[in-house]
Amino acid sequence: MPEPKTTPQVIQTRVVLTTSDFERAVAFYRDGLGLEQLADFSNEHGHGLVLDAGHATVEILDAGHAGWVDTIEVGRHVGLPVRIAFQVPEPEAVATAIGEEQTTSVFAPAMTPWNSLNVRIEAPDGMQLTLFTELD
């Protein structure tokens, strides 16, 4: 199937996470993963930060392909509708630096058929993240 030719209309992709433990989420994403804080929208209604996660893409998978990726990274089909992936220079080092106190689960590093090293971790809020580096 050929790629459709379109004029890009999206200026920024922002993943918005709502959490019941704001401080722990900030410690994980900003302090642990090292995402740079761009803005603080905290006010009398609550807390809100915008963190720079680098270049964003949207990856669309059908259930079969998502299950295959889960099996590679986790060893079983997880079936979550959303997972965030961050390309980092050394996925294992980043997962270790974040530490077990910030993650619920850390799965074994996996070499993928598309030649990347992936480490799946689970954030304190239950969001699953793939830390990866392309080996080509």
Side-chain angles (χ1 to χ4, degrees):
M1 181 166 154
E3 293 184 31
K5 194 168 190 161
T6 62
T7 303
Q9 300 297 315
V10 176
I11 305 301
Q12 180 185 142
T13 298
R14 186 173 291 181
V15 177
V16 180
L17 304 175
T18 300
T19 179
S20 61
D21 191 339
F22 183 79
E23 287 76 22
R24 190 169 182 200
V26 170
F28 180 81
Y29 291 101
R30 185 189 66 196
D31 305 335
L33 275 174
L35 303 184
E36 179 185 351
Q37 182 173 316
L38 297 178
D40 184 340
F41 296 119
S42 300
N43 58 34
E44 67 275 9
H45 301 288
H47 299 287
L49 297 180
V50 176
L51 306 175
D52 184 4
H55 177 81
T57 60
V58 176
E59 186 173 344
I60 301 171
L61 309 176
D62 66 16
H65 194 86
W68 179 60
V69 172
D70 284 349
T71 301
I72 292 167
E73 294 182 1
V74 182
R76 64 183 169 77
H77 181 59
V78 178
L80 298 174
V82 177
R83 172 179 48 87
I84 301 174
F86 292 105
Q87 184 175 4
V88 297
E90 298 177 23
E92 294 173 278
V94 172
T96 300
I98 292 170
E100 291 181 13
E101 69 277 357
Q102 289 295 325
T103 58
T104 304
S105 302
V106 177
F107 300 97
M111 289 296 302
T112 68
W114 49 92
N115 204 27
S116 69
L117 176 66
N118 294 17
V119 176
R120 180 85 65 99
I121 63 175
E122 189 170 293
D125 56 13
M127 177 63 67
Q128 288 206 356
L129 303 144
T130 298
L131 306 176
F132 72 97
T133 190
E134 308 241 342
L135 299 175
D136 282 336

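Only this structure's heavy atoms are used, side chains among them; waters, hydrogens and symmetry mates stay out.
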Could you work out the complete set of other residues in the hydrophobic cluster of Leu80, with links drawn between I, L, V, M, F, W and Y side chains under 4.5 Å apart?
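Cluster partners of Leu80: Val74, Val78, Phe107.
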For Leu131 and Leu33, what are the C-alpha separation, side-chain angles and deciding distance, and is it a side-chain contact (heavy atoms from CB on, under 4.5 Å)?
CA-CA 10 Å; Leu131 306 176; Leu33 275 174; 3.8 Å; yes
For Asp40, what residues pass the side chain to side chain donor-acceptor pair (under 3.5 Å) criterion, not counting sequence neighbours?
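With sequence neighbours excluded, Asp40 shows a side chain to side chain donor-acceptor pair (under 3.5 Å) to Ser42, given in chain and number order.
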Residues in side chain to side chain donor-acceptor pair (under 3.5 Å) with Ser116, at least two apart?
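Result, side chain to side chain donor-acceptor pair (under 3.5 Å) vs Ser116: Thr112, Trp114, Asn118.
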For residues 84-92, run the donor-acceptor check on the side chains, cut-off 3.5 Å, and write out each pair with its distance to 0.1 Å, sequence neighbours left out.
none

Roughly how far apart are [X] [atom1] and [Y] [atom2], rounded to 0.5 Å?
{"X": "Leu38", "Y": "Glu36", "atom1": "CG", "atom2": "CD", "result": "5.5 Å"}
{"X": "Asp52", "Y": "Arg14", "atom1": "CG", "atom2": "CZ", "result": "10.5 Å"}
{"X": "Gln37", "Y": "Leu49", "atom1": "CD", "atom2": "CG", "result": "4.5 Å"}

Specify the closest pair of heavy atoms between Leu117 and Met111, including all atoms of both residues, with the distance to one decimal.
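Shortest heavy-atom separation between Leu117 and Met111 comes out as CD1-SD, 3.9 Å.
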Is any side-chain heavy atom of [X] less than 4.5 Å from a side-chain heavy atom of [Y]?
{"X": "Arg24", "Y": "Thr19", "value": "no"}
{"X": "Thr71", "Y": "Arg76", "value": "no"}
{"X": "Val69", "Y": "Arg83", "value": "yes"}

For Tyr29 and Leu17, run side-chain contact (heavy atoms from CB on, under 4.5 Å): C-alpha distance rounded to whole Å, both residues' side-chain angles, the deciding distance at 0.1 Å, then the answer.
CA-CA 11 Å; Tyr29 291 101; Leu17 304 175; 3.5 Å; yes
Residues 55-65, side-chain donor-acceptor partners within the protein, below 3.5 Å, at least two apart:
residue	atom	partner	partner atom	Å
Asp62	OD1	Gly64	N	3.3
Asp62	OD1	His65	N	2.8

Group every Ile, Leu, Val, Met, Phe, Trp and Tyr by side-chain heavy-atom contacts under 4.5 Å, then state whether Val94 and Phe132 land in the same group.
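In one cluster: no.
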Quick check on the hydrophobic clustering: are Phe22 and Leu35 connected, directly or via other members, by side-chain heavy-atom contacts under 4.5 Å?
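Linked, Phe22 and Leu35 end up in one cluster.
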Should Met127 and Phe28 be marked as a side-chain contact (heavy atoms from CB on, under 4.5 Å) after you check the CA-CA gap, both sets of side-chain angles, and the distance that decides it?
CA-CA 11 Å; Met127 177 63 67; Phe28 180 81; over 6 Å; no
Enumerate the residue pairs fulfilling salt bridge (Lys or Arg N to Asp or Glu O under 4.0 Å) with a member in residues 119-136, sequence neighbours excluded, ordered by first and then second residue.
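Listed once each, the pairs are Asp70-Arg120, Glu73-Arg120.
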